[in-house]
Amino acid sequence: MHVELLIILTLTAAATFVVVVASVGLVIHKAVNARVLRHRQRLYAHYSEILTRILLAELPELPPGTRSASQFKQYEQLLTPLKEQLAQLPRSRRAFHRRALRQAMVDFARDLTGETATRLVYFFYALDFVDEQIALVRDRRWWIRAQAARDLGLLRTRRALAALTAALEDPHPDVREQAMKSIIMMAGVDSLRTIFRLMHSLSTWTAVELSVVVMQYKDQAVPCLAEGLSAPDESVVLFCIEMLAEIGFVSGVEPLRALAENYPNVSVRAKAIEALGRLGDERAEGLLLHAAAGTNVRLRLKAMEALGRMGVPRSVPVLKRRLLNGAIPEKLVAARALAANGPDGLRVLSEVAAAHPEPVRAVCEQAIEEAEG
């Protein structure tokens, strides 16, 4: 009995000791982290002040036509005191200071334009931060890679283009997205060709982000989008189809026609047919009429929707056949497309409604009611 009680007391004491040690350890760890954070914030504020001073410092005006080397020499003179200050630090502390300085420079890059932005980029190169950021793009942690890709874009560091291009094939979508946005910042609309060739498995969010960029360029992006229709990844092809339809540039009609006729995937062909309907160019009428009378139900539906959107009078006989012979979904699409063809289509709907029982009559009457409403 005494032995069992002794064991219980010993175990209780041991457990209490472990809990106390763990609690003390957590308190110490928290205190150390808080101290490190405060030190980091002080350093960040210190280097932000230095950057503000040297970025806004007045420089002697150079004569017109002076080479950029002379301007860079002025920048170097501004930066020399900061370089010397960093060089005097012990190696262990220097790395900590450089991280704070690099973060301050990245944050400054969000708001700077013109000559001060050029000055900041020079400082970033001169302090060897570019190579450090490029190395981070290859870090084993995806969030570090994504942040590095983003920061390189903010600083317009063109030396990083090769590393960012390689990051377009990164296994993590967030890294690919940040690399894509940074490349476009630096290289402009022509970079879309490389992006469409290398990007794969576009997520919905990435497609939204990329569409915002494309719509900034609009007509200038059309040649790149047309080339993107032959990209190896279907998600990229679908994206290019959607953007060609959204921009509404008629030069997209021919490549979309070729895609709708020859692409091996029916989903992509259906999307191309839909886009042709949205573009509304008469060059697509023959293809749409052929697809509306074809054997593939999905393509027939998309083709009839497109014909209805465009209002093609010679589509009336084809639409009438699908109204009479198709399944209920096809009847509805054909009837609405007929109603969109104006008086001729409405006349056919009225004649078919009078001559046929349910469900054809109900479908016709619904389409007429929608058109009149």
Kindly determine whether M310 and L288 satisfy side-chain contact (heavy atoms from CB on, under 4.5 Å), including the steps that lead there. CA-CA 10 Å; M310 293 171 61; L288 296 176; 3.4 Å; yes
Report the residues that fulfil side-chain contact (heavy atoms from CB on, under 4.5 Å) with V121, sequence neighbours left out, ordered by chain and then residue number. Y125
Can you check whether F108 reaches S48 side chain to side chain, under 4.5 Å on heavy atoms? yes
With the threshold set at 4.0 Å, does a side-chain nitrogen-carboxylate oxygen contact exist between R98 and D128? no
CD of E369: more than 12 outside heavy atoms within 6.0 angstrom? no
If only atom types and distance count, is the side chain of R300 paired as donor or acceptor with the main-chain N or O of A291 below 3.5 Å? no
Pairs meeting criterion salt bridge (charged side-chain N to carboxylate O under 4.0 Å, His left out) with involvement of residues 341-352, two or more places apart: R347-E351
Tell me whether Q366 contacts the main-chain N or O of E370 through its side chain, where contact means a donor paired with an acceptor under 3.5 Å. no
Minimum-distance pair of heavy atoms, taken over all atoms of A149 and S182: O-OG, 2.6 Å
Interatomic spacing from CG in L101 to CG in L43 - rounded to 0.5 Å: 10.0 Å
Straight-line distance of E261 CD to L259 CG, nearest 0.5 Å: 10.0 Å
Tell me the closest heavy-atom pair linking A339 and A367, and the distance in Å. CB-O, 3.9 Å
Gap separating the CZ atom of R102 from the CG atom of D151, nearest 0.5 angstrom: 8.0 Å
Can you check whether P60's main-chain N or O pairs, donor with acceptor, with Q74's side chain at less than 3.5 Å? yes
Return yes if a side-chain donor-acceptor contact under 3.5 Å exists between Q178 and D174, otherwise no. no
Taking everything shown except W142 itself, do over 12 heavy atoms lie less than 6.0 Å from its CH2? yes
Rounded at 0.5 Å granularity, tell me how far SG in C364 sits from CD in E358. 10.0 Å
Dump the intermediate steps for side-chain contact (heavy atoms from CB on, under 4.5 Å) on V130 and Q133, then the final yes or no. CA-CA 5 Å; V130 174; Q133 288 292 110; 5.8 Å; no
Contacts under 3.5 angstrom, residues 78-89 side chains, donor-acceptor by atom type, not counting sequence neighbours:
{"residue": "T80", "atom": "OG1", "partner": "E76", "partner atom": "O", "Å": "2.7"}
{"residue": "K83", "atom": "NZ", "partner": "E76", "partner atom": "OE2", "Å": "2.8"}
{"residue": "Q85", "atom": "NE2", "partner": "H46", "partner atom": "NE2", "Å": "3.3"}

Under 3.5 Å donor-acceptor, T157 side chain and L152 backbone: yes
List for me each residue that meets ring pair (Phe, Tyr, Trp, His ring centres under 6.0 Å) alongside H290, sequence neighbours excluded, and say none if there are none. none
Where do I54 and R119 come nearest, in terms of heavy atoms and distance? O-NH1, 2.8 Å
Find out whether I183 and L168 are in side-chain contact, i.e. whether some heavy atom of one side chain is under 4.5 Å from a heavy atom of the other. yes
V318 with M304, same ILVMFWY side-chain cluster at under 4.5 Å: no
Is a side-chain N or O of R145 found less than 3.5 angstrom from the main chain of R138, in a donor-acceptor match? no
Hey, any chance L238 and V213 share a hydrophobic cluster, counting ILVMFWY side chains that come within less than 4.5 Å of each other, even indirectly? yes
For residues Q71 and E115, determine if any side-chain heavy atom of one lies less than 4.5 Å from a side-chain heavy atom of the other. yes
Which residue in the set V236, L229, I273 passes side chain to side chain contact (heavy atoms under 4.5 Å, CB included) when paired with I241? L229
Look at the side chain of D170 and the backbone N and O of A166, then say whether any donor-acceptor pair between them is shorter than 3.5 Å. no
Distance in Å, K271 NZ paired with C240 SG, rounded so as to fall on 0.5 Å steps: 12.0 Å
Hydrophobic cluster identity match, V175 and L136, side-chain contacts under 4.5 Å: yes
We want to know whether R176 and S203 form a side-chain donor-acceptor pair, criterion being a heavy-atom distance below 3.5 angstrom. no
Verify, without hydrogens or angle tests, whether T206 (side chain) and L202 (backbone) share a donor-acceptor contact under 3.5 angstrom. no
Work out which heavy atom in P223 is nearest to a heavy atom in R193; give both atom names and the distance. CB-NH2, 3.8 Å
Taking only residues two or more places apart in sequence or in another chain, which ones pass ring pair (Phe, Tyr, Trp, His ring centres under 6.0 Å) with F124? F129
Single-linkage hydrophobic cluster L164~I144, side-chain heavy atoms < 4.5 angstrom: no
Could you check whether any side-chain heavy atom of M186 comes within less than 4.5 Å of a side-chain heavy atom of R156, counting everything from C-beta outward? yes
Stepwise side-chain contact (heavy atoms from CB on, under 4.5 Å) check, D233 with L198: CA-CA 9 Å; D233 186 86; L198 296 179; over 6 Å; no
Step by step, would you call K331 with N325 a side-chain contact (heavy atoms from CB on, under 4.5 Å)? CA-CA 8 Å; K331 291 183 189 297; N325 302 320; over 6 Å; no
Do R298 and S267 have side-chain heavy atoms sitting under 4.5 Å apart? yes
Side-chain heavy atoms of Y47 within contact of M105, under 4.5 Å: no
Identify the two heavy atoms, one from V189 and one from Q220, that lie closest to each other, and give their separation to 0.1 Å. CG2-O, 3.8 Å
Checking the side chain of R322 only, and the main-chain atoms of A292 only, is there a donor and an acceptor separated by less than 3.5 Å? no
Under 3.5 Å, which donor-acceptor pairs link side chains of residues 245-258 to any protein atom two or more places apart or in another chain?
{"residue": "E246", "atom": "OE1", "partner": "R278", "partner atom": "NH2", "Å": "3.1"}
{"residue": "E254", "atom": "OE2", "partner": "R257", "partner atom": "NH1", "Å": "3.4"}
{"residue": "R257", "atom": "NH1", "partner": "R283", "partner atom": "O", "Å": "3.4"}

I184 side chain near L210 side chain, heavy-atom distance below 4.5 Å: yes
Closest non-hydrogen atoms of L155 and A109, given as atom of the first, atom of the second and distance, are CD2-CB, 3.8 Å
Out of curiosity, R197 CZ to S230 OG, how far, rounded to the nearest 0.5 Å? 10.5 Å
If you group Ile, Leu, Val, Met, Phe, Trp and Tyr by side-chain heavy-atom gaps below 4.5 Å, do V333 and V297 land in one group? yes
Relative to each other, are the rings of F196 and F239 parallel, tilted or perpendicular (30° and 60° limits)? tilted
When you compare the side chain of L276 with that of D281, does any pair of heavy atoms fall below 4.5 Å? no
Donor-acceptor contact present, side-chain T118 to main-chain G114, <3.5 Å: yes
